[in-house]
Amino acid sequence: MKISIVVPCFNEDKVIKELIERLKETLTICLDIKLITKYEIIFIDDGSSDNTLLLLRSFSRDDERIKVVSFSRNFGQQIAITAGIDAADGDAMVIMDADLQDPPELIPEMIKEWNKGYKIIHMKRKQRIGESGLKKFTAKIFYRLLNKLTTVEIPLDSGDFKLLDKEIILYLRKLTEHFRFMRGLEVLAGFSQLTLEYDRPARFAGKPKYSFLKSFKLAVDGITSFSSKPLKMVTVLGIIGIISSFILMAYAMMSKIMLPNRILPGWTSLLIVVVFFSSIQLFSLGLIGEYIGRIYEEVKGRPLYVIKDKINL
Ligand code: UDP
Ligand code: MG
C-alpha cells in the first residue's frame, strides 16, 4: 500500500529541510513496520518568491520519491491541495501544512485508523499553541457558524490536515468548481469518517501566510459554497420589513385620525421607512451579487491552475 503526502508551500524555505527530515523519519518507520510499502511526498509550490522551489528542486534531485508541482503564480492553498489531489498516486493521501503545525509523527496513527476502514481521518485541533487570541476566537466562531448554516458534517475545528482514501480522491477529482473549500468538499462524498484530536503546535519558522483578509475570504467561500441559507435570510428579512412597514403605516394613519392638529405627517417616519427599506435592498442586492459573482466565475470554466514545472512525475 502506497501513501502520498501532499504539502502546499508558499514561501516556506525556512521549514522545508526540517519538514523533509521529520517526514522521512516517520515514513521510514512506517515502511519498517510494514504499515506502508511505498510513499511519495508531493510538494506544491504555490508561486513562492523565496528559495522554496530551489530547495525543493535540490531535495527532489536526491530522492525520486520527493515530487514537486510548481505553480506559475500564487493560486492559494485550496487550489494547491487540488493539484496535489490530481497528482497523488497513492492508495491514500495525507494533506498537511508545510510549517510543521501538522506534526508528521501523527501519520502512522492516521494510517492505522485508515486500515480499519475509515475513508477520511480528520485531525481536530484540541489546542492551538502560538496563535493570536483573535485568530483562535474568529476560527472558533467560523466553524460553529458554518456548522449551523450547512447540512454537510464538516467537523468542528479541523483544518486541512487529514488522510483521504483513494475513493475520496477519485471523487474530488471530478469536482470542477472554482471556489474550493476543500474541508467541505471532502466530506461531500459521504464516506465513513473519523476525527482524531491533537494539540496544534506553533509554526516551526517563517511567517503565517494567511492574513486576516485571506482567512475571511476562505470563510466566505466556505459558507457560500455550502449553504444558500444567507440567501433565504434575505427573504426572512424582507418579511420582517413588510410587517414593520405595516405597523408604521398603521401608526401614521392613527396619528392623523386621532390627533389631526398635533401630528403632521412627520418626516421622521418617512425617514425611518426610507432608511430601513433602502438598507434591506442594499443588503439583499449585495448578497445576491455574491452568488451571481460565483455563478459567473463557475460558468467561465477556466482551468484551475497552471503548472510551470513537474519533477519526478
Ligand atoms: N499556503 C499556500 N498558499 C497560500 C497560503 C498558504 O500554499 O496562498 C500554505 C502554506 O505554505 C502552509 C499552509 O498553506 O503550508 C498553511 O498556511 P499557514 O501556516 O500560513 O496558515 P495557518 O497555519 O496560519 O492557518
Ligand atoms: Mg500554519
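Quick caveat, the model's predicted, so the values are computed rather than measured. Indexing begins at 1, ligand by ligand and atom by atom, following the structure's order.
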Problem - Options Ala98, Ala80, Gly159, ranked by nearest heavy atom to atom 15 (O) of ligand 1, top entry - result: Ala98
Problem - Over 12 non-hydrogen atoms of neighbours within 6.0 angstrom of NZ in Lys135 - result: yes
Exercise for the section: Answer yes if the side chains of Gln77 and Asp97 hold a donor-acceptor pair under 3.5 Å, and no otherwise. Expected result: yes
Exercise for the section: Might you confirm whether atom CD of Glu21 has over 12 heavy atoms from other residues, nucleotides or ligands at distances under 6.0 Å? Expected result: yes
Practice task
Check if Arg200 has a non-hydrogen atom at a distance under 4.0 Å from any atom of ligand 1.
Solution key: yes
Problem - Region of Asp97 engaging ligand 1 - heavy atom pairs below 4.0 Å - result: both
Exercise for the section: Answer yes or no on whether Lys140 is positioned over the face of Phe137, meaning its NZ or CZ is under 6.0 Å from the six-membered ring centre and within 45° of the axis. Expected result: no
Completion exercise
Among N, O or S atoms, Asp99 approaches the Mg ion (ligand 2) most closely through OD2
Handout entry: Asp97 near the Mg ion (ligand 2) via N/O/S, less than 2.8 Å
Key = no
Practice task
Please indicate whether any nitrogen or oxygen in Gln101 is less than 3.5 Å from any nitrogen or oxygen in ligand 1.
Solution key: yes
Practice task
Distance to 0.1 Å, residue and atom name: give those for the protein heavy atom nearest to atom 17 (O) of ligand 1.
Solution key: Tyr210 CD1, 3.8 Å
Exercise for the section: Might you work through the side chain to side chain donor-acceptor pair (under 3.5 Å) test for Ser70 and Asp309, ending with a clear yes or no? Expected result: CA-CA 5 Å; Ser70 168; Asp309 204 0; over 6 Å; no
Exercise for the section: Considering only non-hydrogen protein atoms, determine which one is nearest to atom 25 (O) of ligand 1 and report residue, atom name and distance to 0.1 Å. Expected result: Lys135 NZ, 3.3 Å
Handout entry: Ring centres under 6.0 angstrom apart (Phe161, Tyr198)
Key = yes
Problem - Geometric class of the Phe142/Phe181 ring pair [parallel <30°, tilted 30-60°, perpendicular >60°] - result: perpendicular
Exercise for the section: Taking atom types as modelled, find out whether Ser4 and Glu40 have a side-chain donor-acceptor pair closer than 3.5 angstrom. Expected result: yes
Exercise for the section: Indicate if the distance from the Mg ion (ligand 2) to the nearest N, O or S atom of Tyr210 falls below 2.8 Å. Expected result: no
Fill in the blank from the handout: Per salt bridge (charged side-chain N to carboxylate O under 4.0 Å, His left out), Asp221 is matched among Arg180, Arg294, Lys214, Arg183 by Arg294
Handout entry: Whether over 12 other heavy atoms sit under 6.0 Å from Glu298 CD
Key = yes
Completion exercise
Within the 4.0 Å heavy-atom cut-off, what Asn74 brings close to ligand 1 is side chain
Completion exercise
Within the 4.0 Å heavy-atom cut-off, what Cys9 brings close to ligand 1 is backbone
Exercise for the section: Examine the proximity of ligand 1 to Glu12 and report which part, side chain or backbone, both or neither, has a heavy atom under 4.0 Å away. Expected result: side chain
Fill in the blank from the handout: Short version for Met96: what comes under 4.0 Å of ligand 1, heavy atoms counted, is neither
Practice task
Would you mind listing which atoms of ligand 1 come within a distance below 4.0 Å of any non-hydrogen atom of Asp99?
Solution key: 19 (O), 23 (O)
Exercise for the section: Give a yes or no on whether the ring-centroid distance for Phe75 and Tyr305 is below 6.0 angstrom. Expected result: no
Practice task
Apply the side-chain hydrogen bond (donor to acceptor under 3.5 Å, both in side chains) test between Asp157 and each candidate in Lys124, Lys136, Arg200, Arg144; give the one that qualifies.
Solution key: Arg144
Completion exercise
atom 18 (P) of ligand 1 has as its nearest protein heavy atom Arg203 NH2, 3.5 Å
Handout entry: Shortest protein contact, atom 20 (O) of ligand 1 (heavy atom only)
Key = Lys209 N, 2.5 Å
Exercise for the section: Work out whether the distance between some heavy atom of Lys214 and some atom of ligand 1 is less than 4.0 Å. Expected result: yes
Exercise for the section: Output the list of atoms in ligand 1 that are nearer than 4.0 Å to some heavy atom of Asp46, sorted by atom number. Expected result: 2 (C), 3 (N), 4 (C), 7 (O), 8 (O)
Problem - Pro208 N/O under 3.5 Å from ligand 1 N/O - result: no
